[in-house]
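What follows is a short report on a single structure.
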Amino acid sequence: MSLAVSSLSPHHPNRPIKSSISERSATSPTFSSPSHLPMRKIPGDYGLPFIGPISDRFAYFYTQGRDDFFRSRVNLYKSTVFRVNVPPGPFIASDPRVITLLDAASFPTLFDTSLVEKRDLFTGTFMPSTTLTGGHRILSYLDPSEPLHAPLKKLLFNLLSSRRHAVIPEFRRTFTSLFQTLETTLAADGKADFGDVNDNACFDFLGRALFDRDPKQTPLGSDGPKLIMKWVLVQLGPLLTLGLPSVLEDLLLHSFRLPAALVKKDYERLAAFFKESAGTVLDEAVEMGITRDEAVHNLLFAICFNAFGGMKILFPGLMKLLGRAGGKVHGKLAEEVRRVIGKGGGEVTMKGIEEMELVKSVVYETLRLDPPVPVQYGKAKRDMVVESHEAAYEVKAGEMLFGYQPFATKDPRVFERPEEFVAERFVGEKGEGLLKYVVWSNGPETETPTVGNKQCAGKDFVVLVARLFVVELFLRYDSFDIEVGTSPLGSSVKITSLKKASFLKRFLII
């Protein structure tokens with residue numbers, strides 16, 4: 001979820017990860033494995049029509065939960081590739097059947113747009129009504145082969161490139177205010193909810209950094225984050241669980257679409273903000289052959305759904321994993337951040353951030369363990385063979401492939417202690433060699449988003465702001481403590497203590 005500035009991307013010498021795939025030629029009567037792994041029939045089945053999808057949906061959301069839903073089938077079939085139904089199923093998705101890819105070898109198949117089609121698959125086996133996006137099929141739902149894909153993605157690249165000078169100063173300004181608010185609340189109440197404060201800061205930052213516009217100084221006021229979340233809920237309701245009684249929730253969220261009319265006025269307010277704030281970007285869009293209206297709704301989606309939504313999930317994820325990592329990791333991060341910033345005269349710069357190996361590593365480790373978008377889809381364009389570590393499987397043209405990323409990025413054949421947060425995992429030459437298996441952006445971290453692929457247009461932007469968040473945190477505090485709860489999107493985090501910086505204070509510019 002996000003936007004990108006390609007010039008912010010660090011250089012990695014690693015060769016990109018590639019999936020092991022072969023295609024069946026017109027003259028070849030059988031499939032064959034390019035690596036000579038044993039051919040195996042894809043295990044699993046879809047059950048009886050209607051009953052099978054409903055049964056799998058209840059297991060996915062309620063009786064097992066998402067991780068156990070997949071883990072139990074890996075154990076049952078002795079395979080990381082199998083057939084199953086995924087939500088929402090009846091009556092929202094006409095065909096819930098997928099072939100699931102759950103290891104680091106097979107998962108990259110989903111990135112190869114020469115083999116899989118990405119048309120209307122952003123949310124998987126169903127697509128929300130275009131009424132929710134101004135009547136347009138947004139960039140996220142376009143396949144690279146479609147004419148508008150390249151100019152729309154280029155428009156996002158150009159926006160971020162033109163505003164790259166504003167990212168660091170606006171982030172520092174906004175998150176200085178966030179930490180001051182947390183400190184005040186913590187002093188008054190003994191704990192501080194990170195979520196709402198973070199949401200407000202993220203939207204404020206995006207408005208200022210990308211459009212030089214403070215949302216609070218517009219008719220939108222401070223309502224932006226709440227309006228966005230209502231709009232996102234109507235789109236993603238079929239894939240979420242809110243903690244309601246299972247039968248009631250399944251009927252309300254997973255069986256029928258929530259009506260777009262519920263958020264019509266909210267969406268109009270968001271669209272008005274972008275019409276008023278993105279004037280020069282909209283002018284550029286028209287010059288590129290994109291209608292002004294289409295550009296407005298694509299910018300809204302990219303910034304509200306992708307960028308804001310990604311930061312809403314990623315920053316609490318960072319707080320959760322760093323909070324649990326404890327004082328020893330905190331001390332190392334504080335030392336690295338303050339040493340580099342001090343060496344640079346107290347300024348936070350791109351050059352300095354690139355020198356912070358541990359900061360970079362903890363960001364990549366968070367993206368490995370808690371990717372903002374955990375699932376990917378692709379429809380096979382042709383007959384092919386997909387390989388796991390142990391076997392090869394026939395996939396027919398038109399079959400839907402599905403990947404649950406947290407299993408692929410916790411593959412024990414790739415990562416030692418795969419379930420653990422290891423702060424130093426990506427430090428040094430060996431650590432950088434693992435970056436090709438970090439695929440949160442719908443592609444390997446060692447590859448670059450282009451107008452011809454479906455890798456997150458904002459891959460580099462997200463990594464940068466995540467590093468900035470860690471930098472700002474450890475410029476101010478030696479350590480902190482948290483309480484963690486659940487949330488429909490990401491983690492719920494409450495701050496229970498913030499230990500202010502006690503050393504190298506002369507380097508702090510806050």
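Here the structure is a predicted model, which is why all the values come from computation and not from measurement. Computed over heavy atoms, backbone and side chain alike; hydrogens, waters and symmetry mates excluded.
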Q) When you look at Glu387 and Arg40, which way does the salt bridge (charged side-chain N to carboxylate O under 4.0 Å, His left out) test go after all the steps? A) CA-CA 10 Å; Glu387 295 188 350; Arg40 183 182 177 190; over 6 Å; no
**Q.** Sidechain-backbone polar pair: Arg425 side chain, Glu416 backbone, donor-acceptor under 3.5 Å
**A.** yes
Q | Ser361 (side chain) donor-acceptor with Glu357 (main chain) under 3.5 angstrom | A | no
Q: Could you tell me whether the side chains of Gln376 and Tyr404 share a donor-acceptor contact shorter than 3.5 Å?
A: no
Q) For Gly452, does its backbone N or O pair with a side-chain atom of Thr450 as donor and acceptor, under 3.5 Å? A) yes
Q) Would you say the side-chain atoms of Asp103 pair up with the backbone N or O of Ser388, donor to acceptor, closer than 3.5 Å? A) no
Q | Aromatic ring proximity Phe70/Phe402, centre distance under 6.0 Å | A | yes
Q. Side-chain donor-acceptor pair under 3.5 Å between Arg83 and Tyr46, yes or no?
A. yes
(Q) Test of understanding: with side chain to side chain donor-acceptor pair (under 3.5 Å), list the residues that count as partners of Tyr267, not counting sequence neighbours. (A) His297
**Q.** Lys/Arg N to Asp/Glu carboxylate O, Lys381 vs Glu117, below 4.0 Å
**A.** no
Q. With the threshold set at 4.0 Å, does a side-chain nitrogen-carboxylate oxygen contact exist between Lys360 and Glu432?
A. no
**Q.** Main-chain N/O of Gly317 paired with Ser491 side-chain donor or acceptor, under 3.5 Å
**A.** no
Q: Just do the salt bridge (charged side-chain N to carboxylate O under 4.0 Å, His left out) check on Glu394 and Lys41 with the steps written out, would you?
A: CA-CA 7 Å; Glu394 300 178 3; Lys41 180 182 177 182; over 6 Å; no
Q. So, for Phe91 and Phe50, is the gap between ring centers shorter than 6.0 Å?
A. yes
Q: Mind telling me whether Phe69 and Tyr60 have parallel, tilted or perpendicular rings, with 30° and 60° as the class edges?
A: perpendicular
Q.
Between Asp383 and Lys396, does any NZ, NE, NH1 or NH2 come within less than 4.0 Å of an OD or OE carboxylate oxygen?
A. no
Q) Where the side chain of Lys78 meets the backbone of Asn75, is there a donor-acceptor pair that is under 3.5 Å apart? A) yes
Q. For Lys265, does its backbone N or O pair with a side-chain atom of Arg269 as donor and acceptor, under 3.5 Å?
A. no
(Q) Regarding Arg137 and Asp120, does a basic nitrogen lie under 4.0 Å from an acidic carboxylate oxygen? (A) yes
**Q.** Test item: side-chain donor near acceptor, Tyr141 and Thr130, under 3.5 Å
**A.** no
(Q) With a 3.5 Å distance limit and no angle check, can you tell me whether Thr496 reaches the backbone of Asp481 through a side-chain donor-acceptor pair? (A) yes
Q: Check the angle between the aromatic planes of Phe301 and Phe122 and answer parallel, tilted or perpendicular using the 30° and 60° thresholds.
A: perpendicular
Q) Are side-chain N/O atoms of Tyr437 and Arg368 paired as donor and acceptor at under 3.5 Å? A) no
(Q) Between Ser145 and Asp143, is there a side-chain donor-acceptor contact under 3.5 Å, judged purely by atom types and distance? (A) yes
Q. Within a radius of less than 6.0 Å around CZ of Arg97, do more than 12 heavy atoms belonging to other residues, nucleotides or ligands occur?
A. no
**Q.** Beyond-backbone contact of Phe194 with Ile482, side-chain heavy atoms, under 4.5 angstrom
**A.** no
Q. Which of these passes side-chain contact (heavy atoms from CB on, under 4.5 Å) with Val263: Thr131, Val234, Leu227?
A. Val234
Q: Could you tell me whether a side-chain N or O of Thr366 sits under 3.5 Å from a main-chain N or O of Val362, the two making a donor and an acceptor?
A: yes
Q: Compare all side-chain heavy atoms of Tyr377 with those of Val375 and state whether any distance is below 4.5 angstrom.
A: yes
Q.
Checking salt bridge (charged side-chain N to carboxylate O under 4.0 Å, His left out) between Glu146 and each of Arg119, Lys454, Lys153, which is the one that passes?
A. Arg119
(Q) Looking only at side-chain N and O atoms, does Ser441 offer a donor or acceptor that is under 3.5 Å from a partner on Gln455? (A) yes
**Q.** Pair Asp56 + Arg73: basic N to acidic O under 4.0 Å
**A.** yes
Q. Taking NZ, NE, NH1 and NH2 as the nitrogens, is one of them in Asp370 or Lys320 under 4.0 Å from a carboxylate oxygen of the other?
A. yes
(Q) Would you say that more than 12 heavy atoms from the other residues, nucleotides or ligands in this model lie under 6.0 Å from the NZ of Lys410, or not? (A) yes
Q. Are the side chains of Trp440 and Pro374 in touch, meaning some heavy atoms are under 4.5 Å apart?
A. no
Q.
Taking Gly89's backbone N and O only, do any of them form a donor-acceptor pair with Asp95's side chain (distance below 3.5 Å, no angle check)?
A. no
Q) Is any NZ, NE, NH1 or NH2 atom of the basic residue among Glu483 and Lys191 found under 4.0 Å from an Asp or Glu carboxylate oxygen of the other? A) yes
Q: Mind checking side chain to side chain donor-acceptor pair (under 3.5 Å) for Ser72 and listing every partner two or more places apart, or none if nothing turns up?
A: Gln64
(Q) Using 0.5 Å steps for rounding, measure from the CG atom of Leu102 to the CZ atom of Phe407. (A) 6.5 Å
